[in-house]
Number of protein chains: 2
Amino acid sequence: MKATDFEEEKAADIDQLDEKILKLITKNARIPFLEVARECGVSGAAIHQRVQRLLNIGVVHGSEFIVNPQKLGYNTCAYMGIYLDKAKYHSQVAEALRKIPEIIECHYTTGAYAIFVKIQTKTNKHLKRLIDEELQDIEGIARTETFISLEMDFKRQVPIK
Amino acid sequence: MKATDFEEEKAADIDQLDEKILKLITKNARIPFLEVARECGVSGAAIHQRVQRLLNIGVVHGSEFIVNPQKLGYNTCAYMGIYLDKAKYHSQVAEALRKIPEIIECHYTTGAYAIFVKIQTKTNKHLKRLIDEELQDIEGIARTETFISLEMDFKRQVPIK
DNA sequence: CATGAAATGCTTTAAAC
DNA sequence: GTTTAAAGCATTTCATG
């Protein structure tokens, strides 16, 4: 544990130009920076430098093409709450979960569950197999509760002002 | 409701070159396609055309720079299960939730809850205000259960082979 | 911090296989 | 589906304001 674990990560200094840049590049990572520049009324070099700064200070960390899981055959999306035998098992369980590629998100939570994950499997049977075989082998997991997503209504990033 | 709502979305035909392309562009949306081409041992035009095809058939839908919510002051991440008065309220509730920008993901689920959402707020107080004020005004919501994420262990996209 | 200018490199298209 | 070639743009850097 680091000393900084007791501090909140400080919000970055972001001005209106940064916000406008963020709005554009978080919607389309491949937009030419020169086009961003034209939309913002500044030079291309200014955008280049500001995006570099936003990366350096961690406001953005890279870019991704966004895949549609269903088109790769991943038709089942589920959330799962995990009860642990003891809270101290958290990090070893999290590490074991990281090794399962179908688990695409993992959080340490308050409330009923100690760990909360998002899972993407090809089928419901694939999900069942994952629960029955892979999860049961993980030391520290007491039991789990699964919520299958019948439909994703929407998904987006945090609002930028 | 569309007739196609009763069919599973078919997995796309993806060959090994597509997979290699996907692995690269889902990790870094701004990688030059010529660099992808060099890594794959084909021409730049081939990559250009294949990425276009992957977009056309919906295997990927665009690209995003990924923001770090904390750096924008969004320090509280939570999941919330929502109970509805009646299941038929689902779509009107989902539409109302879409208008709340702090709700960044919304699913129609099986299990204990009818709707399951991911929420990103600036503070715990901001989350409380959202629950007490914005959610209580939505017709059809019976009650909610909140799980605050103390720490995100990891987050990634679906595995590409 | 922003700019313009220059060098280098990338994107995009079309014709050909 | 892939290639090469060529034209048009974009990226990146740096000296300057």
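In what follows, chains carry the letters A, B, and so on, assigned in the order in which the sequence lines appear, proteins first and then strands, with residues in each chain numbered from 1.
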request  = For nucleotides 1-17 of chain D, just jot down a letter per nucleotide in 5' to 3' order: B, S or -, based on protein non-hydrogen atoms under 4.0 Å.
outcome  = SBBB-----SBSB----

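Between B/Lys118 and A/Glu105 a salt bridge is recorded (basic side-chain N to carboxylate O distance below 4.0 Å).
Every residue two or more places apart in sequence or in another chain that forms a salt bridge (charged side-chain N to carboxylate O under 4.0 Å, His left out) with B/Arg53 is listed here: B/Asp18.
Under 3.5 Å, the side chains of B/His90 and A/Asp153 contain a donor-acceptor pair of N or O atoms.
Annotation: salt bridge (charged side-chain N to carboxylate O under 4.0 Å, His left out) contacts involving residues 21-43 of chain B, sequence neighbours excluded, are absent.
Residue A/Ile104 shares its hydrophobic cluster (ILVMFWY side chains chained together at separations under 4.5 Å) with no other residue. Its side chain outside the 4.5 Å cluster rule for every partner, B/Ile66 clusters with none of the Ile, Leu, Val, Met, Phe, Trp and Tyr residues.
From one end of the helix from C/dC1-D/dG17 to C/dC17-D/dG1 to the other, with five pairs defining each end axis, the axis direction shifts by 30° (rounded to 10°).
Aromatic rings of A/Phe147 and B/Phe147 (six-membered ring for Trp) have centroids beyond the 6.0 Å cut-off, not under it.
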